[in-house]
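A short write-up of the structure that comes next.
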Amino acid sequence: MRTRFQQGLDELREKLLRMGGLAEQAVDRACQAYVERDLKRCHMVLEDESRINAAEREIDELAFDLLALQQPMAVDLRFILAVTKINSDLERVGDQAVNIAERVMDMVELPATELPVDIPRMAAAVSAMVRRALESFIEGKAELAQAVLEMDNVVDRMRDEAFIVLVRKMNDAPAVTRQALDALLVARNLERVADHATNIAEDVIFWVRGRDVRHNVGGEVAPIRETR
Amino acid sequence: MGVDIQVEHLNAWFGKTRAVQDITLKMSANHATAIIGPSGCGKSTFVRCINRMHETVPEARVSGQIRIGDLNVYNGTSATQVRRRIGMVFQKPNPFPTMSIYDNVAAGLKLNGFRDRRQLDEIVERSLTMAALWHEVKDALRKQSGASLSGGQQQRLCIARALAVEPQVLLMDEPCSALDPISTSKIEELIFQLKQRYTIVIVTHNMQQASRVAEYTGFFLLGNLIEFDKTEKIFTNPSDKRTEDYITGRFG
């Protein structure tokens, strides 16, 4: 047993999970800030993002060291490759949270208005996707990851609906166009977070099953032996 | 040109101990096949069955079939006939210490009664060139002994010696384990070139080496062939848990 190598893999896993927690928290805070028009939370999201960025660099460095020094093979190689890609997706999740926070900061300066879009519902669906994608990583379970992929369509539909109703609102009530546009952008940011959650799930499937299921290729393959 | 090596139900014993158990596999012509596995798993024994070296050990015996192209290794063929078709390179370079570089390469041919001096010169040059050694030794062919070369050069000299008899198959048993990284990389580059003309079987403990030089890899464990597949499959997503445990260092 390669103890030092295993310790390196464990450290990589822990760092990624901590980063995942930060990214999840940033999205939740940004959505909460939207609901409550809370500038303080928006600033917390910005702070979260700089911690996420630092975590991204740390994880890349550790992964790079493990690749260079330990020459991993098979499931370990797939794990490290998956971690580097998930790392990148989580960093982008942090960026999307910041984008949402910036929209909220803009909205707070405008009069509050009722908009025909259920952002909290969409946020809840997206958060659930991120959480489950991270759970699938923790558990090393491809079935959990597969369930995340199936949730993506739901969020896509929510984004499409938001687009239709908000554009209609802009036409009907030009005075609130800016608020509607901000809400539309928030919906789009949330949909992108869902895309990153989907990517994470695909990377977990690659790690666990050794199958590349991106872009609906290879998704039909029956599950093989779980490696964790 | 290289030829396929077809192994069927091969068993090899040392006395009562069965070191190789019912191996069936095909090693393709003009490809390199790596044999990996922990110490004592039977990989060297397996390779030594291919050129009938196993039977030189007292109390050792073999059952099963091996075909090298159209030659049936264990049925009506002499060991000498088999070994004419197969070159072998060992872990430790073993040039004939008292012979010059030239004579080392020409030894096999001379042993077979080959006497044409001009042709011998050509074959020695061609073999040393194929072994990527010619330019380093061409000015000292008869002046220097094989043993005076560096370890990496000695190993390439042994490869040249094996190639001089124009085999169809090249067996390599840990050919780089005694060499530094530069010599290792030269030998690996050489394997890459040589497989255009020969069928290569390489036993190695170095999995990175297997992944670099071989198109196919077989994993041996306790005398059994656990998995045989394309090298990229073996090292990225093996089918058998035991293979994965071994190549990821979780074995044992």
Side-chain angles (χ1 to χ4, degrees), chain A residues 1-13 62-86 137 140-143 145-146 202-214 217-228, chain B residues 32-41 43 174 176-177 179-182 184-185 187-188 202-221 225-252:
Chain A
M1 191 67 202
R2 299 157 74 189
T3 310
R4 275 186 56 217
F5 178 47
Q6 191 56 52
Q7 283 168 352
L9 293 178
D10 291 344
E11 191 184 341
L12 198 58
R13 185 193 316 276
L62 180 56
F64 186 59
D65 285 351
L66 288 171
L67 285 171
L69 303 178
Q70 300 285 350
Q71 289 101 41
M73 296 271 190
V75 66
D76 297 333
L77 178 61
R78 300 200 306 269
F79 174 75
I80 296 174
L81 289 179
V83 164
T84 58
K85 292 163 88 181
I86 293 171
F137 176 77
K141 290 236 163 80
E143 293 86 353
Q146 193 71 43
E202 288 168 344
D203 291 333
V204 169
I205 292 170
F206 168 72
W207 159 43
V208 176
R209 291 186 177 164
R211 301 255 189 257
D212 186 347
V213 295
R214 289 175 302 173
V217 176
E220 301 298 313
V221 179
I224 57 165
R225 162 183 63 88
E226 298 280 325
T227 45
R228 287 197 73 250
Chain B
T33 299
I35 306 293
I36 61 168
S39 298
C41 69
K43 55 190 187 299
E174 292 273 358
C176 301
S177 60
L179 305 183
D180 67 31
I182 295 168
T184 296
S185 114
I187 303 271
E188 287 179 2
I202 176 169
V203 170
T204 180
H205 272 125
N206 181 335
M207 286 179 283
Q208 277 72 34
Q209 179 167 74
S211 62
R212 284 191 295 261
V213 303
E215 288 91 355
Y216 294 92
T217 296
F219 170 59
F220 275 60
L221 183 64
L225 177 63
I226 302 298
E227 189 167 351
F228 181 76
D229 211 325
K230 287 187 174 167
T231 297
E232 62 180 42
K233 172 85 167 63
I234 294 281
F235 289 113
T236 60
N237 193 13
S239 300
D240 194 289
K241 184 81 169 65
R242 291 166 292 182
T243 313
E244 184 165 89
D245 284 350
Y246 178 70
I247 64 174
T248 58
R250 291 183 175 81
F251 185 78

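Computed from heavy atoms alone, side chains included, the values below leave out hydrogens, waters and symmetry copies. Here the structure is a predicted model, which is why all the values come from computation and not from measurement. All chains are named by letter (A, B, ...) in the order of the sequence lines, taking the proteins before the strands, and each is independently numbered beginning at 1.
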Under 4.5 Å from any heavy atom of chain B - which part of L81(A):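 It is neither, since no heavy atom gets under 4.5 Å.
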
Would you call V75(A) and R250(B) a side-chain contact if the rule is heavy atoms closer than 4.5 Å?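 Yes, at least one pair of side-chain atoms sits under 4.5 Å.
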
side-chain contact (heavy atoms from CB on, under 4.5 Å) involving Q71(A) - partner list, sequence neighbours excluded: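 By the side-chain contact (heavy atoms from CB on, under 4.5 Å) rule, Q71(A) matches Q208(B).
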
Inter-residue atom distance L77(A).CG - T248(B).OG1, 0.5 Å rounding: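 One finds 11.0 Å between CG of L77(A) and OG1 of T248(B).
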
T236(B) OG1 to R78(A) CZ distance, which is reported to the nearest 0.5 Å: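 Reported to 0.5 Å precision, the distance equals 7.0 Å.
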
